[in-house]
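Notes follow the structure.
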4 protein chains.
Amino acid sequence: MAGTARSAANAAEKRRLILDAAVRVFASQGFHACRVSDIADEAGVAYGLVYHYFRSKDQVLDTLFLERWDVMLEAIREVDARDLAARRKLEAIAAFIVDSYRHDPDLMKVIIVEVTRAANSFGQTHIEKINEAYNLIAAVVAKAQDAGEFRSDISPQFAAMAFYGAIEQVLTGWIFATLPQAAGDYDEAKRLIVETICSGLDR
Amino acid sequence: MAGTARSAANAAEKRRLILDAAVRVFASQGFHACRVSDIADEAGVAYGLVYHYFRSKDQVLDTLFLERWDVMLEAIREVDARDLAARRKLEAIAAFIVDSYRHDPDLMKVIIVEVTRAANSFGQTHIEKINEAYNLIAAVVAKAQDAGEFRSDISPQFAAMAFYGAIEQVLTGWIFATLPQAAGDYDEAKRLIVETICSGLDR
Amino acid sequence: MAGTARSAANAAEKRRLILDAAVRVFASQGFHACRVSDIADEAGVAYGLVYHYFRSKDQVLDTLFLERWDVMLEAIREVDARDLAARRKLEAIAAFIVDSYRHDPDLMKVIIVEVTRAANSFGQTHIEKINEAYNLIAAVVAKAQDAGEFRSDISPQFAAMAFYGAIEQVLTGWIFATLPQAAGDYDEAKRLIVETICSGLDR
Amino acid sequence: MAGTARSAANAAEKRRLILDAAVRVFASQGFHACRVSDIADEAGVAYGLVYHYFRSKDQVLDTLFLERWDVMLEAIREVDARDLAARRKLEAIAAFIVDSYRHDPDLMKVIIVEVTRAANSFGQTHIEKINEAYNLIAAVVAKAQDAGEFRSDISPQFAAMAFYGAIEQVLTGWIFATLPQAAGDYDEAKRLIVETICSGLDR
DNA sequence: TATGAATGAGTTTTCATTCAT
DNA sequence: AATGAATGAAAACTCATTCAT
């Protein structure tokens with residue numbers, strides 16, 4: 001039935017409306033500080049509807065994280081599949097993450113600030129998902145080492161942590177307004193992260 | 001009076017007892033998930049006593065953070081004051097932070113997971129304090145650039161973020177058991193962090 | 001129209017489907033503990049449909065109770081109208097109630113546990129209906145006393161309560177698995193209830 | 001310390017205050033219909049205090065039931081230990097239960113009306129406790145059968161159910177005002193219950 | 001008839017904090 | 001200094017019920 005199809009469309013839209021509202025609310029108030037009714041108010045729906053679509057407030061955060069994280073994992077896999085120099089791959093990954101932030105800073109803020117903490121409280125559910133990303137990056141490094149592109153005396157796991165840590169810290173700097181965010185700063189950041197990690201600070 | 005002195009000593013000990021218990025409880029349950037009475041139970045005192053020594057639950061966390069962070073700031077300042085090559089300074093800073101973790105992993109976990117990454121939830125309370133550390137590191141880099149030790153096309157602020165981000169990510173890896181923590185891994189990490197950031201991954 | 005007749009038949013069937021599902025759900029979860037959607041799920045319909053046939057969750061229970069209780073009242077009246085010795089009448093009444101349980105234990109469980117014993121929670125809604133049964137039984141006793149079949153120093157009201165109480169307690173014993181429910185136990189129970197109440201335990 | 005002893009006394013008193021208030025509230029509104037705040041209001045305390053002394057609303061009901069039921073079990077055991085004819089024992093048991101009702105009708109109402117239903121919802125916790133009572137009564141009957149006081153063709157378990165069912169139904173009659181409750185009615189009831197169950201209705 | 005999205009009143013429960021002792 | 005009884009604000013969550021389709 002058309003009616004049913006239309007309803008299903010509306011239902012999906014409402015769910016999305018709630019998720020998008022949650023991003024804004026989590027970003028501005030923090031996950032713990034906000035109430036479910038704040039999300040509902042922001043979305044313009046009754047708060048009961050949040051529970052119609054999600055089992056709990058936690059699950060709203062989970063959903064946001066998993067949605068975005070899966071997109072990122074896919075992007076990293078896609079980059080790794082391309083026939084590129086390792087350095088170009090790292091550039092593409094850094095670019096993807098920086099662009100994700102540029103495109104939706106609130107969402108990235110929520111994922112970085114709230115999910116790490118939640119990972120601690122809610123058990124290990126997300127940790128494995130997060131590790132997948134590190135492992136994918138580590139695989140890029142490992143292949144580069146085998147190919148002689150990267151030095152072999154730094155473990156791929158470790159290199160992945162340094163690379164990802166540098167990116168995340170830059171985003172954190174933007175989130176807390178510690179680093180400047182002018183027009184060219186995003187592209188500059190992409191370049192500098194890779195330059196630092198690959199070539200080092202030494203002269 | 002001796003009696004008073006003894007009481008004062010006991011009072012300071014009780015306060016410390018509560019702070020140490022809080023570290024363990026915050027680390028295992030998370031700040032938000034735990035109750036004040038959990039801290040008191042862990043310390044073996046009545047929960048009313050927590051309020052004798054601290055204004056609020058927040059203030060317990062604040063105290064833990066500030067105590068430790070000030071020690072770290074002092075350590076960085078002290079390192080910077082020494083007559084060392086920039087690379088040695090960064091090594092000393094990395095060593096200090098890694099050793100802090102080795103000495104009291106719970107405390108570092110609390111500081112990273114509950115304060116550093118969550119700073120916006122607490123308003124902007126600690127952001128300036130946190131920035132002080134970045135600025136001190138940036139100053140080390142800036143001087144190294146002036147002295148021709150480090151290349152000048154990467155801003156000191158940015159370099160500081162990459163450096164600190166790499167360290168924090170390694171600690172996070174240990175905290176969530178993503179990275180191995182065997183006997184030699186701590187010293188290895190100190191070396192590799194600086195090696196990666198200063199010399200880069202390139203061959 | 002045949003279509004209309006068919007629809008009406010379907011409607012009545014759906015209503016019955018819901019009532020039967022409600023019996024199972026009320027029996028296994030209890031009236032308060034279950035949700036309207038549990039009934040709908042059990043019936044295999046959308047929960048909105050429950051509200052098409054019934055004004056409220058309460059009314060579903062009311063309907064179940066009244067349906068069955070009216071059948072019982074009618075049965076008691078019919079027994080009383082027969083030309084039988086009082087003892088035979090009580091036997092027939094006990095048999096009817098025991099057979100009701102044997103035929104649909106869930107329904108009797110719901111009526112006893114959720115309505116008969118809980119009548120005050122529903123205001124005094126069903127108390128008069130319930131009393132009708134006691135009064136009909138009391139009338140049987142009163143007539144037997146007038147006819148010299150039963151002793152006259154026990155009030156008919158009181159005798160009715162003892163008789164009905166014994167039956168209900170036996171059902172309760174079955175409901176909570178306190179009394180055995182093997183093949184012959186139902187017929188044995190019918191006999192023993194009347195034997196106990198009419199002839200007593202004395203030797 | 002005297003202060004501590006006094007506090008403990010007050011604490012126990014407050015707990016009792018809450019339990020007594022709960023009896024009145026459960027009796028007048030029913031367990032499900034009342035709110036925890038109704039109990040607290042009735043007791044004149046903040047509702048948080050209810051949770052200071054009890055884990056949940058359920059546990060308040062549990063406590064009331066177990067307190068009273070244990071007293072009854074003890075009373076039955078004590079009666080059974082006496083050197084009395086079986087009929088006298090049953091009289092003493094009936095008298096104890098009727099007097100319990102006379103002394104605190106609200107409490108007995110709660111136990112009879114709410115606990116049976118709760119036994120259904122909350123699991124089997126109370127059922128065993130309730131069965132203990134039946135078993136003690138059955139033991140009285142069994143011994144009487146062995147001694148030749150009671151006929152042996154009615155199982156003790158069954159006799160116990162009839163006896164207890166008759167008593168409970170009389171209380172239910174009082175609770176729902178189906179049976180008269182004038183001055184002499186309580187003592188009359190004690191006598192009639194035993195007379196009916198032991199000697200029967202037959203002339 | 002039938003569906004299930006949408007609503008929001010209502011309730012339990014938690015827990016930081018206060019304060020009398 | 002130390003205790004823990006007492007408070008009540010606050011929030012998550014439930015679920016009966018309505019209603020557009």
Side-chain angles (χ1 to χ4, degrees), chain A residues 1-8 10-15 18 32-40 45-58, chain B residues 4 7-8 10-11 13-15 32-40 45-60, chain C residues 4 7-8 10-11 14-15 32-40 45-60, chain D residues 1-8 10-15 32-38 40 44-58:
Chain A
M1 269 177 286
T4 303
R6 181 59 192 282
S7 292
N10 285 341
E13 283 162 24
K14 280 282 173 71
R15 203 184 115 97
I18 289 167
H32 279 103
C34 83
R35 296 171 291 180
V36 172
S37 67
D38 292 331
I39 302 172
V45 300
Y47 62 85
L49 199 61
V50 176
Y51 288 94
H52 189 79
Y53 289 109
F54 304 95
R55 224 186 329 284
S56 66
K57 190 182 166 188
D58 282 8
Chain B
T4 306
S7 293
N10 284 342
E13 282 163 26
K14 281 281 173 71
R15 200 184 118 98
H32 279 102
C34 83
R35 296 173 290 182
V36 172
S37 66
D38 292 331
I39 302 171
V45 301
Y47 56 86
L49 198 60
V50 175
Y51 288 90
H52 186 79
Y53 291 108
F54 304 95
R55 212 180 353 274
S56 67
K57 187 183 170 187
D58 279 16
Q59 211 212 351
V60 176
Chain C
T4 306
S7 294
N10 284 342
K14 280 282 173 70
R15 200 184 118 99
H32 279 101
C34 83
R35 297 173 290 182
V36 172
S37 67
D38 293 330
I39 302 172
V45 300
Y47 58 84
L49 198 59
V50 175
Y51 287 91
H52 186 78
Y53 290 108
F54 303 95
R55 214 181 350 272
S56 67
K57 188 184 170 188
D58 278 16
Q59 212 212 351
V60 176
Chain D
M1 267 177 286
T4 305
R6 181 59 193 280
S7 293
N10 285 342
E13 282 162 25
K14 280 284 172 69
R15 204 184 116 100
H32 279 103
C34 83
R35 296 170 293 180
V36 172
S37 66
D38 293 330
V45 301
Y47 59 85
L49 198 59
V50 176
Y51 288 93
H52 189 78
Y53 289 110
F54 303 94
R55 223 186 331 283
S56 66
K57 190 182 166 188
D58 282 8

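Just so we're clear, the structure is a prediction, and the values are computed from it rather than from any experiment. Heavy-atom basis, side chains included; hydrogens, waters and symmetry copies ignored. Here is how names work: the chains are called A, B, and so on, in the same order as the sequence lines, proteins then strands, and each is numbered from 1.
Between E:dT17, E:dA6, F:dT17, one nucleotide has an atom nearer to the side chain of C:Val36 than all others, and that is F:dT17. With F:dT18, E:dG8, E:dC15 as the choices, the nucleotide that has an atom nearest any side-chain atom of A:Ala46 turns out to be E:dG8. Nearest nucleotide to the side chain of C:Tyr53, out of E:dA2, F:dA16, E:dT7: E:dA2. Set against F:dA6, F:dA12, F:dT18, the side chain of C:Tyr51 has F:dT18 as its closest nucleotide. Checked against F:dA11, F:dA10, F:dA16, the side chain of D:Tyr47 finds its nearest nucleotide in F:dA10. Residue C:Val45 places its side chain closer to E:dT3 than to any other of E:dT3, F:dA6, E:dG4.
The residue among C:His52 and A:Gly48 whose nearest nucleotide of DNA chain E lies closer to the 5′ end is C:His52. With the nearest nucleotide of DNA chain E identified for both B:Arg55 and C:Leu49, C:Leu49 has the one nearer the 5' end. Mapping C:Lys57 and A:Arg35 onto DNA chain F by nearest heavy atom places A:Arg35 closer to the 5' end of the strand. Each of D:Val50 and A:Cys34 lies near DNA chain F, and the nucleotide nearest D:Val50 is the one positioned closer to the 5' end.
Taking atom CZ on B:Arg15 and atom C1' on F:dA2, their separation rounds to 17 Å, with Å as the unit. Protein atom CD of C:Gln59 is 10 Å distant from nucleotide atom P of F:dT17, rounded to whole Å. If you measure from atom CD of B:Glu13 to atom C1' of F:dA1, you get 13 Å, rounded to the nearest angstrom. What separates NE2 of B:His32 from P of E:dA16 is a distance of 10 Å, to the nearest Å.
The two residues C:Val50 and C:Val60 come nearest to each other via the heavy atoms CG1-CG2, 4.3 Å. Nearest heavy-atom pair across B:Lys14 and B:Tyr53 is CB-OH, 3.7 Å. Minimum heavy-atom separation, B:Ala40 to B:Tyr47: CB-CA, 3.5 Å.
Checking side-chain atoms of A:Lys57 against main-chain N and O of A:Cys34 turns up a donor-acceptor pair under 3.5 Å.
F:dA20: Watson-Crick or G-U partner is E:dT3, with both key distances under 3.5 Å.
Taking only side-chain nitrogens and oxygens, C:Lys14 never comes nearer than 4.0 Å to OP1 or OP2 of E:dT1.
Among the protein residues, A:Ser56 comes within range of the sugar-phosphate backbone only, with heavy atoms under 4.0 Å from sugar or phosphate atoms but none that close to a base.
Rounded to the nearest 0.5 angstrom, D:Arg15 CZ and D:His52 NE2 are separated by 11.0 Å.
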